[in-house]
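Both ligands and their constituent atoms are indexed starting at 1 by order of listing. Model, not experiment: these values are computed from the prediction.
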Amino acid sequence: MSAPTGPPAGARPTVRVLPDAAAVQRAAAEEFAARTAAAVRAHGVASVALSGGSTPRGLHALLADPSGPFRARVPWAQLEVFWGDERCVPPGAPDSNYRMVRETLLAGAPVPEGNVHRIRAEEGATAAALAYEEELRAHFCLREGAVPRFDLVLLGIGEDGHTASLFPGSAALRERRLLAIAARSPRPPLERVTLTLPVLNAASCVVFLASGTGKAEAVAAVLRRRDMSRPAALVRPEKGDLLWFLDAAAASGTPPGR
Ligand code: 6PG
């Protein structure tokens, strides 16, 4: 498997710069509601891969808010919830991505339990990645060698340009056959499970969310300099949409627009 070399093919990013983090969350909620509803109209189900970290918390709260404008628009009963990555910690641990999604989204939204596809990362990264791969293949009814096409993948970006648990210089960036693999983070929790680039780049739509000046350098490296050493720069859906929702602080190093 060759290492990522030049700019990947695939969708050019559409960048939306919004005034603040709350506006980013509203724009993302609108996209989430619209894309999931369209997916259910098109093929009866909406398969999403959610991001970890802290950025999605506000988006999740907006989507699940019973008095808000989005909850009634999301087809919760037909929503199939996956994760882009998980830390190898118990599902109830403070830094579990599952726990974050459970608390901020699923606790307030009527997603059937059978539609929640947790990465069982506490079982160890390699075993969990294998199990997750099997779950993906079963859910998407994949023949050998096929890649699932998520209707929507939500991603964040770290200050080093990582996304999901794909970190700079990681061997995981070169994986082209497996759908999910064990990965190692430079910061605790060290052991992770992550979707691979082929899965992210097969998505119908990828939405990156970034807020705050802490992300400005990484965002500029990806969107302005096309710095391929930043894993987020390698996410370019081949036949899908790529959207970046930034607040002014995160975009402070990046010209608005495409
Ligand atoms: C994780 C995420 C990771 C995250 C970025 C940004 O498991 O931590 O998948 O890729 O999206 O690190 O994190 P924040 O949203 O907390 O800034």
Side-chain angles (χ1 to χ4, degrees), residues 18 20-22 24-25 27-29 32 48-63 81-105 117-122 125 128-129 132 150 152-170 172-173 180-197 199-201 203 206-223 229-235 242-247 249-252:
L18 297 132
D20 52 31
V24 168
Q25 291 157 11
F32 189 101
V48 302
L50 300 181
S51 171
S54 56
T55 301
R57 288 178 170 270
L59 163 62
H60 296 167
L62 263 182
L63 289 170
V81 176
F82 292 81
W83 276 254
D85 71 324
E86 184 55 278
R87 295 86 176 272
C88 291
V89 296
D95 47 7
S96 159
N97 288 338
Y98 167 79
R99 174 173 164 177
M100 183 274 289
V101 172
R102 171 65 68 188
E103 288 177 345
T104 60
L105 182 68
H117 305 275
R118 178 174 81 85
I119 303 174
R120 312 181 75 80
E122 72 278 11
Y132 197 50
F150 278 100
L152 178 61
V153 174
L154 290 176
L155 292 172
I157 182 171
E159 296 188 5
D160 60 358
H162 80 261
T163 191
S165 281
L166 297 166
F167 291 90
S170 164
L173 295 169
I181 54 171
R184 192 162 177 82
S185 165
R187 283 171 301 286
L190 301 179
E191 298 302 318
R192 311 277 184 106
V193 175
T194 187
L195 291 178
T196 56
L197 282 170
V199 177
L200 303 181
N201 284 331
V206 173
V207 173
F208 276 93
L209 303 184
S211 300
T213 51
K215 303 297 175 74
E217 192 284 325
V219 167
V222 169
L223 294 179
S229 72
R230 314 299 184 104
L234 302 174
V235 178
L242 176 59
L243 311 177
W244 282 75
F245 292 158
L246 308 171
D247 68 359
S252 56

**Item:** Ion pair check, Arg187 and Asp160, cut-off under 4.0 Å
**Value:**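 Looking at Arg187 and Asp160, the cut-off is met.
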**Item:** No-hydrogen, no-angle side-chain donor-acceptor test under 3.5 Å, Arg192 and Ser185
**Value:**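 Distance-only check passes for Arg192 and Ser185.
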[atom] [closest protein heavy-atom partner, distance rounded to 0.1 Å]:
atom: atom 9 (O) of ligand 1; value: Asp85 OD1, 2.7 Å
atom: atom 17 (O) of ligand 1; value: Lys215 NZ, 2.6 Å
atom: atom 13 (O) of ligand 1; value: Gly53 CA, 4.0 Å

**Asked** Would you find a donor on one side and an acceptor on the other, under 3.5 Å apart, between the side chain of Glu86 and the backbone of Arg118?
**Response**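 No, Glu86 side chain to Arg118 backbone: no donor-acceptor pair under 3.5 Å.
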**Message:** Using 30° and 60° as the class boundaries, would you call the ring planes of Phe82 and Phe150 parallel, tilted or perpendicular?
**Reply:**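 If you compare the ring of Phe82 with that of Phe150, the planes turn out perpendicular.
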**Asked** Of all the heavy atoms in Glu86, does at least one lie under 4.0 Å from an atom in ligand 1?
**Response**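 No.
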**Prompt:** Between OG1 of Thr196 and CG of Asn201, what distance do you get to the nearest 0.5 Å?
**Reply:**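 Reported to 0.5 Å precision, the distance equals 9.5 Å.
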**Message:** Could you measure the distance from the CZ atom of Phe167 to the CZ atom of Arg230? Nearest 0.5 Å is fine.
**Reply:**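 Those atoms lie 14.0 Å apart.
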**Asked** Which of the atoms of ligand 1 are close to Ser51, meaning less than 4.0 Å from one of its heavy atoms?
**Response**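 Under 4.0 Å from Ser51, ligand 1 has these atoms: 11 (O).
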**Request:** Could you list which atoms of ligand 1 come closer than 4.0 Å to a heavy atom of Asn97?
**Result:**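 Within the 4.0 Å cut-off of Asn97, ligand 1 contributes 1 (C), 7 (O).
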**Prompt:** Do any nitrogen or oxygen atoms of His162 come within less than 3.5 Å of a nitrogen or oxygen of ligand 1?
**Reply:**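 For ligand 1, there is an N or O atom that lies under 3.5 Å from one belonging to His162.
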**Message:** For ligand 1, which is the ligand I care about here, please tell me if Arg87 has any N or O atom under 3.5 Å from one of the ligand's N or O atoms.
**Reply:**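 Indeed, backbone or side chain, Arg87 has an N or O that close.
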**Request:** Would you tell me which option among Gly84, Gly158, Gly156, Ala164 has the nearest heavy-atom contact to atom 3 (C) of ligand 1?
**Result:**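 That would be Ala164.
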**Prompt:** Quick one: which of Leu50, Thr55, Ile157 has a heavy atom closest to atom 6 (C) of ligand 1?
**Reply:**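 Considering heavy atoms of Leu50, Thr55, Ile157, the nearest to atom 6 (C) of ligand 1 sits in Ile157.
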**Prompt:** Partners of Glu159 by salt bridge (charged side-chain N to carboxylate O under 4.0 Å, His left out), sequence neighbours excluded?
**Reply:**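 Once residues adjacent in sequence are excluded, Glu159 has no partner under the salt bridge (charged side-chain N to carboxylate O under 4.0 Å, His left out) criterion.
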**Item:** Arg102: partners by salt bridge (charged side-chain N to carboxylate O under 4.0 Å, His left out), with sequence neighbours left out
**Value:**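 Checked Arg102 against salt bridge (charged side-chain N to carboxylate O under 4.0 Å, His left out); matches are Glu113.
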**Request:** Mind checking whether Leu155 contacts ligand 1 via backbone (N, CA, C, O), side chain (CB onward), both or neither, at a 4.0 Å heavy-atom cut-off?
**Result:**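 Neither; nothing of Leu155 gets under 4.0 Å from ligand 1.
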